[in-house]
Amino acid sequence: MQGTEDKAAHAARQKRLSALASADGRDILALWEKLGIDPACEMVRGPETGLIALRGRIGGGGAPFNFGEATATRATVRLENGAIGHSLTLGRDRLKAKLIAILDALAQDAAMESKIDEMIVRPLQASLAERDSKRRSETAATKVDFFTMVRGDD
Amino acid sequence: MYVAVKGGEAAIRNAHRLLADRRRGDRSVPALTLEQIVEQLALACDRVMAEGSVHDRDLAALAIKQARGDLIEAIFLLRAYRTTLPRFGYSEPVDTAKMQVERRISATYKDLPGGQMLGPTFDYTHRLLDPSLARDETVDEPERRDGDDTPAMRVSDILAEEGLIEADGEVDSEEVGDLTRTPMEFPMARDTRLQALARGDEGFLLALGYSTQRGYARSHPFAGEIRIGEVDVEFHVPELGFAITLGRIRVTECQMVNQFQGSAKAPPQFTRGYGLVFGQSERKAMAMALCDRALRAAELGEDIVAPAQDEEFVISHSDNVQATGFVEHLKLPHYVDFQAELDLVRRMRGEHTRRRDTQDNMPEAAE
(Lines give C-alpha, C1' and ligand atoms only; values in the text may rest on other atoms or scores of the structure.)
Protein backbone atom coordinates (compact mmCIF):
# COMPACT_ATOMS: atom_id res chain seq x y z
CA MET A 1 0.00 0.00 0.00
CA GLN A 2 2.78 2.35 1.05
CA GLY A 3 4.47 1.47 -2.23
CA THR A 4 1.60 2.64 -4.43
CA GLU A 5 1.22 5.86 -2.42
CA ASP A 6 4.92 6.53 -2.88
CA LYS A 7 4.57 5.90 -6.57
CA ALA A 8 1.65 8.30 -6.91
CA ALA A 9 3.54 10.95 -4.92
CA HIS A 10 6.61 10.41 -7.10
CA ALA A 11 4.57 10.74 -10.26
CA ALA A 12 2.94 13.96 -9.05
CA ARG A 13 6.28 15.43 -8.04
CA GLN A 14 7.85 14.37 -11.32
CA LYS A 15 5.04 16.01 -13.32
CA ARG A 16 5.24 19.19 -11.29
CA LEU A 17 9.01 19.53 -11.55
CA SER A 18 8.87 18.78 -15.28
CA ALA A 19 6.13 21.35 -15.91
CA LEU A 20 7.99 23.99 -13.90
CA ALA A 21 11.32 23.29 -15.60
CA SER A 22 9.69 23.50 -19.05
CA ALA A 23 8.15 26.91 -18.27
CA ASP A 24 9.65 30.36 -18.71
CA GLY A 25 11.14 31.77 -15.50
CA ARG A 26 9.21 35.03 -15.87
CA ASP A 27 5.90 33.16 -16.05
CA ILE A 28 6.75 31.18 -12.91
CA LEU A 29 7.68 34.38 -11.09
CA ALA A 30 4.43 36.10 -12.11
CA LEU A 31 2.34 33.17 -10.84
CA TRP A 32 4.46 32.84 -7.71
CA GLU A 33 3.76 36.48 -6.85
CA LYS A 34 0.04 35.78 -7.14
CA LEU A 35 0.44 33.06 -4.52
CA GLY A 36 1.27 35.84 -2.06
CA ILE A 37 3.55 33.92 0.27
CA ASP A 38 7.13 34.50 1.33
CA PRO A 39 8.44 31.45 3.17
CA ALA A 40 11.77 31.61 4.92
CA CYS A 41 14.19 29.17 3.36
CA GLU A 42 17.83 28.29 3.43
CA MET A 43 19.83 27.50 0.30
CA VAL A 44 21.41 24.09 0.79
CA ARG A 45 22.99 24.10 -2.64
CA GLY A 46 23.21 26.61 -5.45
CA PRO A 47 21.58 27.93 -7.42
CA GLU A 48 24.51 26.79 -9.53
CA THR A 49 24.92 26.55 -13.28
CA GLY A 50 26.61 23.66 -15.05
CA LEU A 51 26.31 21.49 -18.12
CA ILE A 52 24.17 18.52 -19.01
CA ALA A 53 25.60 16.33 -21.77
CA LEU A 54 22.78 15.67 -24.20
CA ARG A 55 22.26 12.28 -25.76
CA GLY A 56 20.48 11.16 -28.87
CA ARG A 57 20.20 7.72 -30.44
CA ILE A 58 21.88 6.56 -33.66
CA GLY A 59 19.21 6.40 -36.36
CA GLY A 60 16.69 7.79 -33.85
CA GLY A 61 16.26 4.56 -31.86
CA GLY A 62 19.66 2.83 -31.79
CA ALA A 63 22.66 3.12 -29.49
CA PRO A 64 22.94 6.36 -27.50
CA PHE A 65 25.56 8.98 -28.38
CA ASN A 66 26.45 12.42 -27.01
CA PHE A 67 25.61 15.19 -29.43
CA GLY A 68 26.35 18.27 -27.37
CA GLU A 69 25.82 19.90 -24.02
CA ALA A 70 23.31 22.36 -22.60
CA THR A 71 23.55 24.81 -19.74
CA ALA A 72 21.45 23.85 -16.73
CA THR A 73 20.90 25.30 -13.28
CA ARG A 74 20.11 23.46 -10.08
CA ALA A 75 19.18 24.39 -6.55
CA THR A 76 18.33 22.72 -3.26
CA VAL A 77 16.49 24.55 -0.46
CA ARG A 78 15.41 23.73 3.09
CA LEU A 79 12.27 25.32 4.54
CA GLU A 80 11.83 26.18 8.22
CA ASN A 81 9.75 23.02 8.69
CA GLY A 82 12.69 20.99 7.42
CA ALA A 83 11.21 20.13 4.01
CA ILE A 84 13.87 19.84 1.30
CA GLY A 85 13.15 20.89 -2.27
CA HIS A 86 15.19 20.28 -5.41
CA SER A 87 15.23 21.74 -8.90
CA LEU A 88 17.09 21.27 -12.13
CA THR A 89 16.24 23.16 -15.29
CA LEU A 90 17.83 23.97 -18.64
CA GLY A 91 19.35 27.43 -18.96
CA ARG A 92 21.00 29.81 -16.53
CA ASP A 93 18.00 31.35 -14.78
CA ARG A 94 19.01 31.17 -11.10
CA LEU A 95 15.83 32.75 -9.76
CA LYS A 96 13.78 30.20 -11.69
CA ALA A 97 15.82 27.32 -10.23
CA LYS A 98 15.44 28.73 -6.73
CA LEU A 99 11.67 29.23 -7.12
CA ILE A 100 11.19 25.69 -8.42
CA ALA A 101 13.15 24.26 -5.49
CA ILE A 102 11.03 26.28 -3.03
CA LEU A 103 7.82 25.12 -4.76
CA ASP A 104 9.08 21.53 -4.64
CA ALA A 105 9.67 21.83 -0.90
CA LEU A 106 6.36 23.59 -0.25
CA ALA A 107 4.43 20.98 -2.24
CA GLN A 108 5.40 18.30 0.26
CA ASP A 109 2.58 19.70 2.38
CA ALA A 110 -0.69 18.32 0.99
CA ALA A 111 -2.68 21.56 1.29
CA MET A 112 0.12 23.58 -0.32
CA GLU A 113 0.51 20.95 -3.01
CA SER A 114 -3.01 21.34 -4.34
CA LYS A 115 -2.72 25.13 -4.16
CA ILE A 116 0.56 25.10 -6.11
CA ASP A 117 -0.79 22.68 -8.67
CA GLU A 118 -3.92 24.73 -9.16
CA MET A 119 -2.41 28.21 -9.18
CA ILE A 120 0.97 27.60 -10.79
CA VAL A 121 1.46 24.21 -12.41
CA ARG A 122 -1.84 23.91 -14.26
CA PRO A 123 -1.73 27.43 -15.74
CA LEU A 124 1.83 26.77 -16.93
CA GLN A 125 0.82 23.44 -18.46
CA ALA A 126 -2.13 25.14 -20.14
CA SER A 127 -0.01 27.88 -21.67
CA LEU A 128 2.53 25.34 -22.92
CA ALA A 129 -0.26 23.27 -24.47
CA GLU A 130 -1.67 26.41 -26.07
CA ARG A 131 1.72 27.34 -27.51
CA ASP A 132 2.17 23.80 -28.84
CA SER A 133 -1.24 23.79 -30.44
CA LYS A 134 -0.58 27.17 -32.07
CA ARG A 135 2.73 25.92 -33.47
CA ARG A 136 1.13 22.70 -34.63
CA SER A 137 -1.55 24.55 -36.55
CA GLU A 138 1.04 26.88 -38.09
CA THR A 139 3.05 23.85 -39.21
CA ALA A 140 -0.10 22.09 -40.46
CA ALA A 141 -0.80 25.04 -42.75
CA THR A 142 2.48 24.26 -44.55
CA LYS A 143 1.48 20.65 -45.25
CA VAL A 144 1.65 19.76 -48.92
CA ASP A 145 -1.61 18.63 -50.56
CA PHE A 146 -0.53 16.72 -53.64
CA PHE A 147 -2.89 16.50 -56.59
CA THR A 148 -2.50 14.68 -59.85
CA MET A 149 -2.30 16.61 -63.08
CA VAL A 150 -4.51 15.13 -65.79
CA ARG A 151 -2.76 15.26 -69.12
CA GLY A 152 -4.95 16.69 -71.83
CA ASP A 153 -4.25 14.21 -74.63
CA ASP A 154 -7.72 14.18 -76.15
CA MET B 1 70.55 30.47 -26.20
CA TYR B 2 66.89 31.30 -25.73
CA VAL B 3 66.14 34.97 -25.26
CA ALA B 4 62.71 35.88 -23.96
CA VAL B 5 61.48 39.28 -25.01
CA LYS B 6 58.72 41.30 -23.49
CA GLY B 7 56.77 44.21 -24.82
CA GLY B 8 53.63 45.16 -26.60
CA GLU B 9 51.41 45.53 -23.52
CA ALA B 10 50.36 49.04 -24.43
CA ALA B 11 49.86 48.07 -28.07
CA ILE B 12 47.69 45.11 -27.06
CA ARG B 13 45.66 47.22 -24.64
CA ASN B 14 45.04 49.85 -27.27
CA ALA B 15 44.26 47.24 -29.93
CA HIS B 16 41.54 45.75 -27.70
CA ARG B 17 40.15 49.19 -27.00
CA LEU B 18 40.08 49.83 -30.73
CA LEU B 19 38.36 46.47 -31.23
CA ALA B 20 35.65 47.49 -28.74
CA ASP B 21 35.17 50.73 -30.64
CA ARG B 22 34.94 49.06 -34.05
CA ARG B 23 32.62 46.41 -32.63
CA ARG B 24 30.23 49.11 -31.47
CA GLY B 25 30.55 50.96 -34.76
CA ASP B 26 28.69 54.20 -35.48
CA ARG B 27 27.29 55.36 -32.13
CA SER B 28 24.32 56.99 -33.84
CA VAL B 29 23.12 53.47 -34.81
CA PRO B 30 21.32 51.74 -31.90
CA ALA B 31 23.30 48.90 -30.29
CA LEU B 32 22.10 45.35 -31.00
CA THR B 33 20.32 43.68 -28.12
CA LEU B 34 20.80 39.98 -27.38
CA GLU B 35 17.05 39.51 -27.80
CA GLN B 36 17.33 40.87 -31.34
CA ILE B 37 20.12 38.43 -32.14
CA VAL B 38 18.22 35.49 -30.59
CA GLU B 39 15.01 36.36 -32.42
CA GLN B 40 16.22 37.70 -35.75
CA LEU B 41 19.54 35.93 -36.28
CA ALA B 42 18.21 32.67 -34.86
CA LEU B 43 20.01 30.41 -37.33
CA ALA B 44 23.35 32.07 -36.59
CA CYS B 45 22.71 31.28 -32.90
CA ASP B 46 21.83 27.71 -33.88
CA ARG B 47 25.12 27.26 -35.69
CA VAL B 48 27.12 28.72 -32.82
CA MET B 49 25.33 26.45 -30.34
CA ALA B 50 25.84 23.35 -32.51
CA GLU B 51 29.54 23.86 -33.21
CA GLY B 52 30.21 25.48 -29.84
CA SER B 53 28.53 22.33 -28.53
CA VAL B 54 26.57 24.22 -25.86
CA HIS B 55 22.85 24.72 -26.11
CA ASP B 56 22.14 28.19 -24.74
CA ARG B 57 20.63 30.77 -27.08
CA ASP B 58 21.48 33.82 -24.98
CA LEU B 59 25.11 32.80 -24.66
CA ALA B 60 25.28 32.16 -28.40
CA ALA B 61 23.84 35.63 -29.04
CA LEU B 62 26.36 37.21 -26.66
CA ALA B 63 29.17 35.34 -28.39
CA ILE B 64 27.99 36.51 -31.82
CA LYS B 65 27.82 40.11 -30.64
CA GLN B 66 31.24 39.93 -28.99
CA ALA B 67 32.75 38.31 -32.12
CA ARG B 68 31.29 41.02 -34.37
CA GLY B 69 29.39 38.34 -36.24
CA ASP B 70 32.46 36.14 -36.87
CA LEU B 71 30.75 32.81 -36.18
CA ILE B 72 33.90 30.72 -35.77
CA GLU B 73 35.20 33.26 -33.23
CA ALA B 74 31.79 33.06 -31.49
CA ILE B 75 32.01 29.26 -31.45
CA PHE B 76 35.48 29.56 -29.91
CA LEU B 77 34.11 31.88 -27.18
CA LEU B 78 31.33 29.43 -26.35
CA ARG B 79 33.75 26.49 -26.21
CA ALA B 80 36.00 28.47 -23.88
CA TYR B 81 33.03 29.29 -21.64
CA ARG B 82 31.94 25.66 -21.41
CA THR B 83 35.26 24.69 -19.88
CA THR B 84 34.43 26.89 -16.87
CA LEU B 85 31.26 24.95 -15.99
CA PRO B 86 30.91 21.73 -13.99
CA ARG B 87 29.28 18.77 -15.71
CA PHE B 88 26.08 17.65 -13.93
CA GLY B 89 25.69 14.44 -15.90
CA TYR B 90 24.23 12.87 -19.03
CA SER B 91 20.64 13.27 -20.20
CA GLU B 92 18.42 10.38 -21.15
CA PRO B 93 18.58 10.02 -24.96
CA VAL B 94 16.15 12.49 -26.57
CA ASP B 95 13.24 10.81 -28.33
CA THR B 96 12.93 12.34 -31.78
CA ALA B 97 9.87 10.15 -32.50
CA LYS B 98 7.99 12.30 -29.96
CA MET B 99 9.20 15.58 -31.44
CA GLN B 100 6.89 18.60 -31.65
CA VAL B 101 7.42 18.70 -35.40
CA GLU B 102 7.86 22.12 -37.04
CA ARG B 103 9.09 20.76 -40.35
CA ARG B 104 9.13 17.25 -41.70
CA ILE B 105 9.86 16.22 -45.24
CA SER B 106 10.82 13.07 -47.09
CA ALA B 107 12.39 12.87 -50.51
CA THR B 108 11.61 9.15 -50.77
CA TYR B 109 7.87 8.89 -50.06
CA LYS B 110 5.34 11.40 -51.31
CA ASP B 111 2.37 10.18 -49.26
CA LEU B 112 3.95 9.16 -46.00
CA PRO B 113 1.84 9.07 -42.81
CA GLY B 114 1.87 12.50 -41.24
CA GLY B 115 2.53 14.14 -44.60
CA GLN B 116 5.13 16.55 -45.91
CA MET B 117 5.22 19.67 -43.73
CA LEU B 118 7.43 22.39 -45.10
CA GLY B 119 7.61 24.58 -42.02
CA PRO B 120 9.68 27.80 -42.02
CA THR B 121 11.94 26.89 -44.96
CA PHE B 122 14.11 28.77 -47.45
CA ASP B 123 13.29 26.05 -50.00
CA TYR B 124 11.19 27.22 -52.96
CA THR B 125 12.04 30.87 -52.31
CA HIS B 126 13.47 32.52 -55.41
CA ARG B 127 16.56 33.77 -53.63
CA LEU B 128 15.81 37.29 -54.76
CA LEU B 129 16.91 39.96 -52.31
CA ASP B 130 13.84 41.44 -50.67
CA PRO B 131 14.08 45.25 -50.40
CA SER B 132 11.13 45.31 -47.99
CA LEU B 133 13.41 43.79 -45.32
CA ALA B 134 15.56 46.89 -45.51
CA ARG B 135 12.69 48.65 -43.77
CA ASP B 136 10.83 47.55 -40.67
CA GLU B 137 7.60 46.51 -42.36
CA THR B 138 4.78 44.71 -40.61
CA VAL B 139 4.94 40.97 -41.15
CA ASP B 140 1.75 38.93 -41.46
CA GLU B 141 0.89 36.38 -38.80
CA PRO B 142 1.35 32.83 -40.11
CA GLU B 143 -1.56 30.95 -41.61
CA ARG B 144 -3.05 28.28 -39.32
CA ARG B 145 -4.81 25.04 -40.06
CA ASP B 146 -6.10 22.26 -37.84
CA GLY B 147 -3.44 19.64 -37.49
CA ASP B 148 -3.49 16.27 -35.81
CA ASP B 149 -1.07 15.55 -33.01
CA THR B 150 -0.28 11.92 -33.81
CA PRO B 151 3.49 11.53 -33.94
CA ALA B 152 4.86 11.48 -37.49
CA MET B 153 5.97 7.96 -38.47
CA ARG B 154 9.64 7.52 -39.29
CA VAL B 155 10.45 6.80 -42.91
CA SER B 156 12.96 4.18 -41.80
CA ASP B 157 10.10 2.26 -40.12
CA ILE B 158 8.23 2.07 -43.43
CA LEU B 159 11.23 0.46 -45.15
CA ALA B 160 11.89 -1.72 -42.09
CA GLU B 161 8.48 -3.33 -42.47
CA GLU B 162 9.70 -4.82 -45.74
CA GLY B 163 13.08 -5.73 -44.23
CA LEU B 164 14.87 -3.65 -46.85
CA ILE B 165 16.74 -1.39 -44.50
CA GLU B 166 19.26 -1.95 -41.74
CA ALA B 167 18.33 -1.29 -38.10
CA ASP B 168 18.92 2.03 -36.33
CA GLY B 169 22.52 1.27 -35.43
CA GLU B 170 24.17 -0.35 -32.43
CA VAL B 171 27.61 0.05 -30.94
CA ASP B 172 29.62 -2.80 -29.42
CA SER B 173 30.69 -0.98 -26.27
CA GLU B 174 28.46 -0.71 -23.21
CA GLU B 175 29.79 2.71 -22.37
CA VAL B 176 28.82 5.70 -24.51
CA GLY B 177 31.91 7.35 -25.98
CA ASP B 178 32.58 10.95 -24.94
CA LEU B 179 35.40 12.82 -26.63
CA THR B 180 35.12 15.68 -24.14
CA ARG B 181 36.28 13.23 -21.48
CA THR B 182 38.64 10.81 -23.23
CA PRO B 183 41.23 11.66 -25.88
CA MET B 184 40.42 10.66 -29.46
CA GLU B 185 41.54 7.25 -30.60
CA PHE B 186 41.30 5.62 -34.00
CA PRO B 187 39.55 3.51 -35.11
CA MET B 188 36.65 5.26 -33.43
CA ALA B 189 33.26 3.80 -32.56
CA ARG B 190 30.27 5.24 -34.41
CA ASP B 191 28.84 6.94 -31.29
CA THR B 192 32.03 8.97 -30.70
CA ARG B 193 32.30 9.72 -34.41
CA LEU B 194 28.76 11.10 -34.40
CA GLN B 195 29.65 13.27 -31.40
CA ALA B 196 32.60 14.71 -33.33
CA LEU B 197 30.46 15.25 -36.44
CA ALA B 198 27.68 16.94 -34.44
CA ARG B 199 30.15 19.63 -33.31
CA GLY B 200 32.13 19.59 -36.56
CA ASP B 201 32.45 22.55 -38.90
CA GLU B 202 29.45 22.87 -41.19
CA GLY B 203 31.51 23.99 -44.17
CA PHE B 204 34.02 21.15 -43.84
CA LEU B 205 31.32 18.48 -43.50
CA LEU B 206 29.31 20.06 -46.31
CA ALA B 207 32.29 19.87 -48.66
CA LEU B 208 33.02 16.25 -47.72
CA GLY B 209 29.36 15.28 -48.07
CA TYR B 210 29.34 16.97 -51.46
CA SER B 211 32.45 15.04 -52.48
CA THR B 212 30.62 11.74 -51.83
CA GLN B 213 27.83 12.85 -54.14
CA ARG B 214 30.33 13.74 -56.86
CA GLY B 215 31.81 10.26 -56.91
CA TYR B 216 34.45 10.24 -54.18
CA ALA B 217 33.00 7.30 -52.21
CA ARG B 218 29.69 7.36 -54.01
CA SER B 219 26.95 6.26 -51.66
CA HIS B 220 23.68 6.87 -53.56
CA PRO B 221 21.98 8.94 -50.86
CA PHE B 222 18.34 9.91 -50.52
CA ALA B 223 17.03 12.28 -47.87
CA GLY B 224 14.77 9.65 -46.34
CA GLU B 225 13.52 12.10 -43.79
CA ILE B 226 14.39 15.45 -42.29
CA ARG B 227 12.55 16.67 -39.24
CA ILE B 228 12.95 19.81 -37.19
CA GLY B 229 11.23 20.52 -33.91
CA GLU B 230 11.42 20.52 -30.15
CA VAL B 231 12.23 17.51 -28.00
CA ASP B 232 12.06 17.13 -24.23
CA VAL B 233 15.35 16.78 -22.37
CA GLU B 234 14.99 14.26 -19.58
CA PHE B 235 17.50 13.74 -16.83
CA HIS B 236 17.69 11.31 -13.96
CA VAL B 237 18.14 13.44 -10.83
CA PRO B 238 19.95 11.37 -8.19
CA GLU B 239 18.49 13.41 -5.28
CA LEU B 240 14.98 12.62 -6.48
CA GLY B 241 15.55 9.07 -7.63
CA PHE B 242 13.65 9.54 -10.88
CA ALA B 243 13.93 11.36 -14.19
CA ILE B 244 12.32 14.74 -14.82
CA THR B 245 12.01 16.92 -17.89
CA LEU B 246 14.48 19.81 -17.74
CA GLY B 247 13.00 21.70 -20.65
CA ARG B 248 12.95 21.53 -24.39
CA ILE B 249 15.46 22.08 -27.14
CA ARG B 250 15.00 22.40 -30.89
CA VAL B 251 16.94 19.91 -33.01
CA THR B 252 17.23 18.93 -36.66
CA GLU B 253 17.37 15.24 -37.50
CA CYS B 254 18.33 13.80 -40.88
CA GLN B 255 17.88 10.16 -41.85
CA MET B 256 19.83 9.58 -45.01
CA VAL B 257 18.96 6.37 -46.86
CA ASN B 258 21.65 4.90 -49.10
CA GLN B 259 21.41 2.18 -51.68
CA PHE B 260 23.94 -0.53 -50.97
CA GLN B 261 24.84 -3.37 -53.30
CA GLY B 262 26.03 -5.66 -50.57
CA SER B 263 29.49 -6.88 -49.62
CA ALA B 264 31.08 -9.84 -47.92
CA LYS B 265 29.93 -8.30 -44.64
CA ALA B 266 26.35 -7.22 -45.41
CA PRO B 267 23.56 -8.19 -47.85
CA PRO B 268 22.13 -5.76 -50.45
CA GLN B 269 19.81 -3.39 -48.60
CA PHE B 270 19.36 0.25 -47.80
CA THR B 271 21.95 1.48 -45.33
CA ARG B 272 21.72 4.67 -43.37
CA GLY B 273 23.56 7.76 -42.32
CA TYR B 274 22.36 9.80 -39.36
CA GLY B 275 22.51 13.48 -38.50
CA LEU B 276 21.35 15.20 -35.31
CA VAL B 277 22.15 18.86 -34.69
CA PHE B 278 20.99 21.67 -32.38
CA GLY B 279 18.49 24.14 -33.76
CA GLN B 280 17.25 24.52 -37.29
CA SER B 281 20.40 23.38 -39.08
CA GLU B 282 19.26 21.35 -42.04
CA ARG B 283 22.36 21.70 -44.20
CA LYS B 284 24.56 20.62 -41.31
CA ALA B 285 22.34 17.66 -40.38
CA MET B 286 22.36 16.45 -44.01
CA ALA B 287 26.13 16.86 -44.34
CA MET B 288 26.61 15.04 -41.04
CA ALA B 289 24.46 12.14 -42.23
CA LEU B 290 26.40 11.88 -45.51
CA CYS B 291 29.71 11.86 -43.62
CA ASP B 292 28.41 9.35 -41.08
CA ARG B 293 27.48 6.98 -43.90
CA ALA B 294 30.77 7.45 -45.76
CA LEU B 295 32.74 6.80 -42.55
CA ARG B 296 31.01 3.45 -42.11
CA ALA B 297 32.95 2.05 -45.08
CA ALA B 298 35.10 -0.32 -43.01
CA GLU B 299 32.09 -1.56 -41.02
CA LEU B 300 30.19 -2.35 -44.23
CA GLY B 301 33.16 -3.88 -46.04
CA GLU B 302 33.52 -1.12 -48.64
CA ASP B 303 36.84 -0.13 -50.20
CA ILE B 304 38.29 3.01 -48.65
CA VAL B 305 39.16 5.11 -51.66
CA ALA B 306 38.13 8.69 -50.84
CA PRO B 307 38.87 11.37 -48.22
CA ALA B 308 35.30 11.31 -46.82
CA GLN B 309 35.79 7.64 -45.85
CA ASP B 310 39.05 8.27 -44.03
CA GLU B 311 38.02 8.44 -40.40
CA GLU B 312 41.24 9.83 -39.02
CA PHE B 313 41.41 12.49 -41.72
CA VAL B 314 37.77 13.58 -41.36
CA ILE B 315 37.45 13.54 -37.58
CA SER B 316 40.88 15.05 -36.91
CA HIS B 317 40.09 18.04 -39.11
CA SER B 318 36.37 18.57 -38.53
CA ASP B 319 36.67 20.74 -35.43
CA ASN B 320 36.90 24.39 -36.43
CA VAL B 321 38.14 25.53 -33.02
CA GLN B 322 41.13 23.20 -33.26
CA ALA B 323 41.63 24.06 -36.91
CA THR B 324 41.49 27.79 -36.38
CA GLY B 325 43.78 27.50 -33.36
CA PHE B 326 46.49 25.76 -35.31
CA VAL B 327 46.16 27.79 -38.49
CA GLU B 328 45.92 31.11 -36.68
CA HIS B 329 48.76 30.43 -34.28
CA LEU B 330 51.03 30.97 -37.30
CA LYS B 331 50.52 34.71 -36.93
CA LEU B 332 51.87 34.76 -33.38
CA PRO B 333 55.55 35.69 -32.94
CA HIS B 334 57.85 32.97 -34.31
CA TYR B 335 60.91 35.21 -34.28
CA VAL B 336 63.27 32.68 -32.71
CA ASP B 337 62.02 29.74 -34.82
CA PHE B 338 62.42 31.84 -37.91
CA GLN B 339 65.90 32.96 -36.92
CA ALA B 340 66.91 29.30 -36.66
CA GLU B 341 65.34 28.55 -40.05
CA LEU B 342 67.13 31.53 -41.54
CA ASP B 343 70.49 30.24 -40.31
CA LEU B 344 69.69 26.78 -41.63
CA VAL B 345 68.71 28.00 -45.08
CA ARG B 346 71.84 30.21 -45.26
CA ARG B 347 74.03 27.23 -44.36
CA MET B 348 72.32 24.91 -46.86
CA ARG B 349 72.60 27.54 -49.53
CA GLY B 350 76.32 28.00 -48.80
CA GLU B 351 76.90 24.25 -49.03
CA HIS B 352 74.88 24.07 -52.24
CA THR B 353 76.98 26.80 -53.82
CA ARG B 354 80.22 25.19 -52.68
CA ARG B 355 79.17 21.82 -54.08
CA ARG B 356 78.23 23.34 -57.43
CA ASP B 357 81.55 25.22 -57.61
CA THR B 358 83.54 22.05 -56.86
CA GLN B 359 81.61 20.15 -59.57
CA ASP B 360 82.22 22.95 -62.09
CA ASN B 361 85.98 22.85 -61.42
CA MET B 362 86.25 19.08 -61.78
CA PRO B 363 88.17 17.94 -64.87
CA GLU B 364 85.89 16.19 -67.34
CA ALA B 365 87.12 12.73 -66.55
CA ALA B 366 85.39 10.75 -69.25
CA GLU B 367 87.03 12.59 -72.12
Side-chain angles (χ1 to χ4, degrees), chain A residues 10-11 13-24 45 48-74 76 84 86-93 104 128 131-146, chain B residues 50 53-56 59 82 85-94 96-97 100-103 110-111 115-119 142-147 149 154 156 167-171 176 178 190-191 194-195 198-199 233 235 237 239-240 242 244-249 253 255 272 274 276 278:
Chain A
H10 270 181
R13 194 176 185 192
Q14 186 176 31
K15 268 205 176 129
R16 187 164 46 246
L17 285 169
S18 299
L20 289 166
S22 303
D24 190 295
R45 180 173 66 181
E48 59 174 340
T49 297
L51 293 169
I52 302 281
L54 299 176
R55 284 184 169 164
R57 287 188 182 281
I58 301 176
F65 70 99
N66 298 304
F67 75 106
E69 290 169 304
T71 55
T73 302
R74 66 185 173 190
T76 300
I84 302 267
H86 300 290
S87 74
L88 181 57
T89 172
L90 288 186
R92 287 169 296 122
D93 188 338
D104 182 49
L128 185 64
R131 176 177 163 268
D132 283 348
S133 124
K134 178 170 181 280
R135 294 216 157 203
R136 219 164 16 242
S137 65
E138 288 168 359
T139 305
T142 69
K143 186 165 167 174
V144 181
D145 297 316
F146 288 104
Chain B
S53 204
V54 177
H55 191 283
D56 190 312
L59 284 180
R82 77 163 277 287
L85 295 178
R87 169 78 79 76
F88 291 164
Y90 294 92
S91 80
E92 302 293 315
V94 296
T96 52
Q100 286 284 331
V101 172
E102 292 165 19
R103 167 168 168 80
K110 176 166 70 75
D111 299 307
Q116 310 264 0
M117 290 179 288
L118 302 182
E143 203 64 56
R144 293 171 65 167
R145 198 164 90 178
D146 282 341
D149 44 8
R154 287 184 196 284
S156 44
D168 281 341
E170 293 304 328
V171 170
V176 183
D178 185 354
R190 192 174 171 199
D191 55 354
L194 283 167
Q195 182 184 19
R199 52 159 50 193
V233 173
F235 184 82
V237 183
E239 296 86 344
L240 297 169
F242 50 81
I244 61 167
T245 305
L246 305 188
R248 288 204 197 151
I249 59 163
E253 180 186 56
Q255 303 265 8
R272 298 161 62 177
Y274 188 65
L276 184 66
F278 288 155

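First the proteins, then the strands, lettered A, B, ... as listed; each starts at 1.
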Between [Y] and [X], is there a side-chain heavy-atom distance shorter than 4.5 Å?
| X | Y | answer |
| --- | --- | --- |
| Leu194(B) | Ile58(A) | yes |
| Val171(B) | Phe65(A) | no |
| Gln116(B) | Phe146(A) | yes |
| Leu17(A) | Val237(B) | no |
| Arg103(B) | Thr139(A) | no |
| Phe235(B) | Leu88(A) | yes |

>> Using 0.5 Å steps for rounding, measure from the NE2 atom of His86(A) to the CG atom of Leu240(B).
In response: 5.5 Å
In terms of side-chain geometry, is the basic nitrogen of [X] or [Y] positioned less than 4.0 Å from the acidic oxygen of its partner?
| X | Y | value |
| --- | --- | --- |
| Arg92(A) | Asp56(B) | yes |
| Glu239(B) | Arg45(A) | yes |
| Asp191(B) | Arg55(A) | no |

Toward chain A, the part of [X] with a non-hydrogen atom under 4.5 Å:
| X | value |
| --- | --- |
| Asp146(B) | backbone |
| Arg87(B) | both |
| Glu253(B) | side chain |
| Glu170(B) | both |

Among the listed options [options], the residue most often paired with chain A at heavy-atom distances under 4.5 Å:
| options | value |
| --- | --- |
| Ala50(B), Gly247(B), Ala167(B) | Gly247(B) |
| Arg272(B), Arg190(B), Met117(B), Glu92(B) | Met117(B) |
| Pro93(B), Gly119(B), Ser53(B) | Pro93(B) |
| Val94(B), Leu85(B), Val176(B) | Val176(B) |

>> With chain B as the partner, which of Ala70(A), Ala53(A), Ala141(A), Gly62(A) has the greatest number of non-hydrogen pairs under 4.5 Å?
In response: Ala53(A)
>> Among Ala19(A), Ser22(A), Gly61(A), which residue has the highest count of heavy-atom pairs closer than 4.5 Å to chain B?
In response: Gly61(A)
>> Does the plane of the ring in Phe242(B) sit parallel, tilted or perpendicular to the ring in His10(A)? Use 30° and 60° as the thresholds.
In response: tilted
> Would Arg248(B) and Leu128(A) satisfy side chain to side chain contact (heavy atoms under 4.5 Å, CB included), going step by step from the backbone distance to the final call?
Replying inline: CA-CA 11 Å; Arg248(B) 288 204 197 151; Leu128(A) 185 64; 3.8 Å; yes
>> Determine whether Arg57(A) and Asp168(B) satisfy the following criterion, side chain to side chain contact (heavy atoms under 4.5 Å, CB included), listing intermediate values before the conclusion.
In response: CA-CA 8 Å; Arg57(A) 287 188 182 281; Asp168(B) 281 341; over 6 Å; no
>> Quick one: does any side-chain atom of Ser137(A) pair with a main-chain N or O of Arg144(B) as donor and acceptor, under 3.5 Å?
In response: no
>> Tell me whether Glu102(B) contacts the main-chain N or O of Arg135(A) through its side chain, where contact means a donor paired with an acceptor under 3.5 Å.
In response: no
> Contact part of Lys15(A) toward chain B, heavy-atom cut-off under 4.5 Å: side chain, backbone, both or neither?
Replying inline: neither
> Does a donor on one side chain sit under 3.5 Å from an acceptor on the other, for Gln100(B) and Arg136(A)?
Replying inline: yes
>> If you compare all heavy atoms of Ser91(B) against all heavy atoms of Leu54(A), which two are closest, and at what distance to 0.1 Å?
In response: OG-CA, 3.5 Å
> Taking the six-membered ring of Phe88(B) as reference, does the NZ or CZ atom of Arg74(A) fall below 6.0 Å from its centre and within a 45° cone about the axis?
Replying inline: yes
> Could you go step by step and tell me if Arg82(B) and Glu69(A) meet the side chain to side chain contact (heavy atoms under 4.5 Å, CB included) rule?
Replying inline: CA-CA 9 Å; Arg82(B) 77 163 277 287; Glu69(A) 290 169 304; 2.4 Å; yes
> After noting the C-alpha distance and the side-chain angles of Leu59(B) and Thr71(A), does the key distance pass the side chain to side chain contact (heavy atoms under 4.5 Å, CB included) rule?
Replying inline: CA-CA 10 Å; Leu59(B) 284 180; Thr71(A) 55; 3.9 Å; yes
